[in-house]
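Structure first, commentary second.
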Amino acid sequence: MGWCWALALAAAAYVAAKLMEVLWWRPRRVEEHFARQGIRGPRYRFFVGCVREMVALMVAASANPMPRPYRSHSVLPRVLAFYHHWKKIYGSTFLIWFGPTPRLAVADPDLIREILVSRADHFDRYESHPMVRQLEGEGLVSLRGEKWAHRRRVLSPAFRMDNLKLLLPFVGRTVVDMVDKWHGMAAAGSSGEVEIDVSEWFQVVTEDAITRTAFGRSYEDGKAVFKLQTQLMAFASEAFRKIFIPGYRFLPTKKNTSSWKLDKEIRKNLATLIGRRQEAADDENAMDLLGLMINANVNGRRVSTITVNDIVEECKTFFFAGKQTTSNLLTWATVLLAMHPEWQELARQEVLDVCGARDIPSRDQLAKLKTLGMILNETLRLYPPAVATVRRAKADVELGGCLIPRDTELLIPIMAVHHDARLWGPDATQFNPARFANGVAQAARHQAAFIPFGLGSRMCIGQNLALLEAKLTVAIILQRFDFRLSPSYIHAPTVLMLLHPQYGAPVIFRSRSSEPSDRDRDM
Ligand code: HEM
């Protein structure tokens, strides 16, 4: 019996030593390693790292809206409160702790270019929390290595401009339907105006665009799949807000059972749809995401087969990555134009000159809307929907003369780079689209200072689609309405995965004519 106890004691001592190594000795060694190289940060605390302080800083910041009047866009201290706070103490490169995982904040554009472009092979995409992965799907965003490269090659043609421009009339009609409803609501009221929370309405437009990109000719079937996916995501994001209990999602609770049923239905619908498309086997479908994935298994050198499961996960990814990001861009662009009526008027004049007062703008016309392009860039600079991104060192690696141990995470605070006065000048926190008048390359003092879509080979695949959708939507709104912020609007940008307005985005729209857009719908 004695040897059993001895064995149990030895096992317990081994586990305790392992835990102490992971939760205490390694973090302390890494902390000292960085300190010797002049990189400091808040002290590591056993098990929790600096998460407690970080959450406290973020909660305190989100308790206070921005001061009125809303002319300055110095929102970084509110949005990335922990980054702003520690940067003031430790400088722009500093070390923080996500539990026992070291995370190095890097805002120097030279180093960012090394991480994302010239030495990208040494860094992996950060692996999201399992709950987030459930939401974003195991598609292009989370794939790595050869599987990622193959999938990216397969899907890229759908995002080429010549393909995207075919979507324009359809998406344009969805936007016109939306603004016609606003028009009706304005006409019904006594003031001829209507207050709209744009952050909710824009999701209808972005959902439509991503459904068409993903499913093309099978749009109606795609809509049904995405509807089920929306319900599934609602369950997942509800679970995300609760405390994470490992393995809980495998228990047959009421919510889990409903999720499994939904998941089964999505797979069944997609399998039927894929079967139908394979039978039809015509090339007309090739340029939507579904067609591209189906054809990748039939044509050319097959690096890896794309299964129904892969397609389900990829649909989740595109729905997640493409819908909220673009609707956030549209929301902030509308809010900024409502705050800065002089730019609203300039953009409107340009739209009316190039596209007329009622027609759905064509691709060629959109390309001529230079002022609107500058406004969207300035919106992405001040209010980037993705405020930060993270990489992980695959092995020990040297970066800017500093030795980074394997598994260190690198936090790239996109918004901080965009608000840095050393890169953008003393008016960095002012809304000044004119800085983009000579193109993105000339707007800042460094080429890597503007990175709303990331940089390098893993740059956003949907960037053309997002910009086209945004330009089209804002142009149609400018044609038909004057708008201003509602007195109930509270300027309080905050992060919940993406950058969004904490109290919504109520904007007051006044129709520029009493006619709805019937003429457009007959086109
Ligand atoms: C304003 C809108 C958008 C913004 C600001 C945005 C931002 C980003 C950023 C910053 C990344 C790179 C992340 C990193 O390097 O860690 C990214 C990647 C990605 N985005 Fe977007 N995005 C937008 C719209 C879209 C749309 C419309 C789609 C799809 C239809 C999309 C799909 C993706 C995918 C699949 C990736 C991963 C690419 C890869 O790893 O190869 N995004 N996005």
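Counting convention: from 1, in listed order, for ligands and their atoms alike. Remember, it's a predicted structure, so these values are computed and weren't measured experimentally.
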Closest non-hydrogen contact found for P506 with Y489 is CD-CD1, 3.7 Å

Identify the closest protein heavy atom to atom 26 (C) of ligand 1: which residue and atom is it, and at what distance? G322 CA, 3.4 Å

Answer yes if the ring centres of H340 and H73 are under 6.0 angstrom apart, and no otherwise. yes

Identify the closest protein heavy atom to atom 35 (C) of ligand 1: which residue and atom is it, and at what distance? I461 CG2, 3.7 Å

Using the six-membered ring wherever Trp is involved, compare the ring planes of Y383 and W332 and label them parallel, tilted or perpendicular (cut-offs 30° and 60°). parallel

Is the shortest distance from a Lys or Arg side-chain nitrogen in R153 or E146 to a carboxylate oxygen in the other one below 4.0 Å? yes

Would R458 count as a cation-pi partner of F123, with NZ or CZ less than 6.0 Å from the six-membered ring centre and within 45° of the ring normal? no

Can you pull out the closest protein heavy atom to atom 6 (C) of ligand 1? Residue, atom name and distance to 0.1 Å, please. F453 CD2, 3.7 Å

Please work out which of I414, L499, L465, T325 has its closest non-hydrogen atom nearest to atom 1 (C) of ligand 1. T325

Atom 12 (C) of ligand 1 - nearest protein heavy atom and its distance: R458 O, 3.7 Å

What do you reckon, are the aromatic ring centroids of Y83 and F94 less than 6.0 Å apart? yes

Quick check on W148 - does any of its heavy atoms sit under 4.0 Å from an atom of ligand 1? yes

With a 4.0 Å cut-off on heavy atoms, does T213 reach ligand 1? no

When you measure from the side chain of R435 to the backbone of A444, do you find a donor-acceptor pair of N or O atoms at a distance under 3.5 Å? no

List the closest protein heavy-atom neighbour of atom 29 (C) of ligand 1: residue, atom name, distance to the nearest 0.1 Å. F318 CD2, 3.6 Å

Does R391 reach ligand 1, in the sense of a heavy atom lying below 4.0 Å from it? yes

Nearest protein heavy atom to atom 36 (C) of ligand 1, by residue and atom, and its distance? V141 CG2, 3.8 Å

Count the heavy atoms of every other residue, nucleotide or ligand shown that sit under 6.0 Å from NZ of K227, and state whether that count exceeds 12. no

Nearest heavy atom to atom 41 (O) of ligand 1, choosing from R144, R152, Q324, R151, belongs to R152

Heavy-atom distances under 4.0 Å are what count here, so tell me which part of Q463 touches ligand 1: side chain, backbone, both or neither. neither

Less than 6.0 angstrom separating the ring centers of F318 and F159, yes or no? yes

Do the rings of W424 and F450 sit parallel, tilted or perpendicular, given the 30° and 60° boundaries? perpendicular

What residue and heavy atom of the protein are closest to atom 33 (C) of ligand 1, and at what distance? A321 CB, 3.8 Å

In terms of residue, atom name and distance, what is the protein heavy atom nearest to atom 30 (C) of ligand 1? I210 CD1, 3.1 Å

Aromatic ring proximity F215/F226, centre distance under 6.0 Å: yes

Geometric N/O contact T389 with ligand 1, under 3.5 angstrom: yes

Among P452, C460, A466, closest by any non-hydrogen atom to atom 10 (C) of ligand 1: P452

Under 4.0 Å from one or more heavy atoms of G454, ligand 1 contributes atoms 10 (C)

